Number of protein chains: 2
Amino acid sequence: MAAAKSAQSEAGPRKRRPRDSLSRAVILAAAEQIALRDGLEGLTFGALGTELQAHSTSIYRHFRDKDELVLELIDALRAKSYGDQLVSTGDWREDLRLIATAIHEHYLRYPGFAQQMAARTTRRPTEFHNVEFALDAMRRAGLEDEDATLCVRVFGNHVRAVSAMEASLRMLDDEARTMDELAWTVEYRQLSAEEFPNISRTSDKLLTVGDPRLFSEGVEMFLDSIELRAKRAKAARRKRS
Amino acid sequence: MAAAKSAQSEAGPRKRRPRDSLSRAVILAAAEQIALRDGLEGLTFGALGTELQAHSTSIYRHFRDKDELVLELIDALRAKSYGDQLVSTGDWREDLRLIATAIHEHYLRYPGFAQQMAARTTRRPTEFHNVEFALDAMRRAGLEDEDATLCVRVFGNHVRAVSAMEASLRMLDDEARTMDELAWTVEYRQLSAEEFPNISRTSDKLLTVGDPRLFSEGVEMFLDSIELRAKRAKAARRKRS
DNA sequence: TACCTATAGTCAATGTCGTTGACTTCATGG
DNA sequence: CCATGAAGTCAACGACATTGACTATAGGTA
């Protein structure tokens, strides 16, 4: 109730931040701290202000709006997380597993950003590098350029979309998640055998939603499918010549 | 400036809604109208109040909070959209295409709900029916129960996740979407051929993010992969006996 | 050195949300 | 015919992003 006007914990006439002590880099670092600690929903201008010991609206001197800040943050996190890990092993299957795993783990590390990371194109070095890396693996698998560009997109969409969905599962409140998981181990076993014969027969084998095997098996199925396409292309080439 | 206190467009002392004229069903119908017209972001309690000609907070007499309302709405839309369309053709590939297409189209029809529809388990008849339908197709494809349950999940996750991602693309403001699409037709063609040889070579063949071929090709790749698994299982059975 | 000015940080205010608690109305049934 | 409580209303709250007016200050210029 004394003199302290704003939410400064200690007394004293809260001082103004020194000039030029804020910058995009400083703000992004603070944003990363908050995102790691509280998730994306905790990343508000208010929280940023507290973290920076600055007024929340000072951020508008450096970013046009929150969207611009979030996009920059996504790119920074991506570069830091797997920007330097993508080194070819020489084995195309292993390389595609590598990039899929890197993206999957990255999304699960920042589940609050997963949705935006999956859907948007950042057109930044990290993204270019990913595409180049995957295209090269596809070529070594034996795909023609047409198939390679198609498969890069289909495979990339799969990896990003499924990772984002898994991530969004982890963002649910405990109550909702528990209910959802329970459904697959309880409710599906109680369905009538006449109406749902296949579910009844296999109900003890049904996987729960977040089962870790799902992602890796999905990747393997794509790899098989790519190999099949390469064989077909090879056969077509032989026939033509 | 006259007597009208609230935002009623016409004069007159806005009347109270007759007792018991609201119900979950009435509110859900209004919510669907708004969702169709303005998308999920337009579905606010304020908008619901206007649509119903009722006070926004009256809704709390029928739904605990907004989340409960949204989940109910998702289920209603799903049942209406493809609850009765899933009739087997006898051809397992065609059946899996059928359910994939139904889900894909449904998600694109309600892009604002796609994220929530993809991630959450509703454990309602429509969902049970989908699983049963897909399991049956897998069995007819020749998969053992272990593989069938796995593939149902992997395939289902793929379809829902990719559809949700495509849907979320359509939710971006025009500005962001235009920029993102332009990237694939312009910026990727300007990358240096030394640093990104594969991109340079294939840049005229790169598909744009929302290309309709991507979804159907992804489905076909999965179908090929499922067929391959079935063949392997058959071979293993023959060997064993 | 003393002043100017562009810029960075601050602050108060606005508008949009979801949600709450205190009201008012009114159909029912004792 | 009044008491009860459920259904609709309303004002207010707190969180949020964003805006425009302000104020202090670093760096250049006279």
Side-chain angles (χ1 to χ4, degrees), chain A residues 3-8 12-31 34-35 38-73 112 116 173 175-176, chain B residues 3-8 12-31 34-35 38-73 112 116 171-173 175-176:
Chain A
K5 278 190 239 159
S6 78
Q8 221 75 9
R14 77 260 152 248
K15 28 183 163 249
R16 169 182 278 249
R17 251 196 98 104
R19 196 187 173 82
D20 293 323
S21 60
L22 285 181
S23 65
R24 289 172 85 93
V26 171
I27 294 172
L28 284 174
I34 295 172
D38 309 323
L40 183 54
E41 80 280 4
L43 181 59
T44 70
F45 278 79
L48 262 176
T50 318
E51 181 82 16
L52 289 163
Q53 302 232 53
H55 205 271
S56 48
T57 59
S58 300
I59 295 151
Y60 284 94
R61 296 279 170 223
H62 302 272
F63 293 93
R64 196 158 50 78
D65 55 19
K66 196 183 180 184
D67 192 57
E68 185 180 309
L69 191 154
V70 167
L71 285 183
E72 292 268 350
L73 181 55
Q116 307 224 43
D173 353 356
E175 186 198 343
Chain B
K5 281 190 236 158
S6 77
Q8 220 76 8
R14 80 259 148 248
K15 30 186 156 222
R16 168 181 279 247
R17 252 197 97 103
R19 195 186 175 82
D20 293 322
S21 60
L22 284 182
S23 65
R24 290 172 84 94
V26 172
I27 294 172
L28 284 174
I34 296 173
D38 309 322
L40 183 54
E41 79 282 3
L43 181 59
T44 70
F45 278 77
L48 262 175
T50 316
E51 181 83 16
L52 289 162
Q53 303 232 54
H55 205 270
S56 47
T57 60
S58 301
I59 295 151
Y60 284 93
R61 296 279 170 221
H62 302 272
F63 293 93
R64 196 157 49 78
D65 55 20
K66 197 182 180 185
D67 192 57
E68 184 180 310
L69 191 155
V70 167
L71 286 183
E72 292 268 350
L73 182 55
Q116 307 224 43
M171 302 243 63
L172 289 177
D173 354 356
E175 187 198 345

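Proteins get letters first, then strands, A, B, ... in listed order; numbering begins at 1 in each. The structure presented is a predicted model; accordingly, all values stated were derived computationally and were not measured.
Look at CD1 on A/Ile59: it is 10 Å from P on C/dT10, rounded to the nearest Å. One atom, CG of A/Leu48, and another, P of D/dA17, lie 9 Å apart when rounded to the nearest Å. In this entry the distance linking CZ of B/Phe63 with C1' of C/dT19 reads 16 Å, nearest Å. Distance, A/Leu69 CG to D/dA17 P: 10 Å, rounded to whole Å. Atoms CD1 (B/Ile27) and C1' (D/dA7) sit 11 Å apart, rounded to a whole Å. Whole-Å rounding puts the B/Leu52 CG to D/dA7 P distance at 16 Å.
B/Ser21 comes within 4.0 angstrom of sugar-phosphate atoms only, judged by non-hydrogen atoms across all strands, and of no base.
Applying the 4.0 Å criterion to OP1 and OP2 of D/dA11, one finds that B/His55 has every side-chain N and O outside that range. Note on A/Ser58: every side-chain N or O is 4.0 Å or more away from OP1 and OP2 of C/dA8.
Considering all non-hydrogen atoms of both residues, A/Val26 and A/Ser21 come closest at CG2-O, 4.0 Å. When all heavy atoms of B/Leu22 and B/Ala54 are compared, the pair lying nearest together is CD1-CB, 4.3 Å.
Residues passing the ring-ring contact (aromatic ring centres under 6.0 Å, His included) test with B/Phe45 are B/Tyr60, sequence neighbours excluded. Considering only residues two or more places apart in sequence or on other chains, A/Arg24 meets the side chain to side chain donor-acceptor pair (under 3.5 Å) condition with A/Glu68, A/Glu72. Take B/Ile34 and apply the side chain to side chain contact (heavy atoms under 4.5 Å, CB included) test, not counting sequence neighbours, and it matches B/Arg37, B/Asp38, B/Leu43, B/Ala47, B/Leu48, B/Glu51.
Looking only at distances, a side-chain donor or acceptor of A/Arg17 sits under 3.5 Å from a matching main-chain atom of A/Leu52.
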Close N or O pairs between protein and nucleotides 16-18 of chain C (under 3.5 Å):
{"unit_1": "C/dG18", "atom_1": "OP1", "unit_2": "B/Lys66", "atom_2": "NZ", "d": "2.7"}
{"unit_1": "C/dG18", "atom_1": "OP2", "unit_2": "B/Phe45", "atom_2": "N", "d": "3.0"}

For nucleotides 4-6 of chain D, give me every protein contact, N/O to N/O, under 3.5 Å, one pair per line with atom names.
{"unit_1": "D/dA6", "atom_1": "N3", "unit_2": "B/Arg19", "atom_2": "NH1", "d": "3.3"}
{"unit_1": "D/dA6", "atom_1": "N3", "unit_2": "B/Arg19", "atom_2": "NH2", "d": "3.0"}

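Taken to the nearest 0.5 Å, the NZ atom of B/Lys66 stands 10.0 Å off from the CD1 atom of B/Ile59.
Comparing the helix axis at one end of the helix from C/dT1-D/dA30 to C/dG30-D/dC1 with that at the other, each defined from 5 consecutive pairs, gives an inter-axis angle of 30° (nearest 10°).
With a 4.5 Å cut-off on side-chain heavy atoms, B/Phe63 and B/Leu28 count as touching.
For D/dG8, its base sits under 3.5 Å from the side chain of B/Arg61 at one donor and acceptor pair at least.
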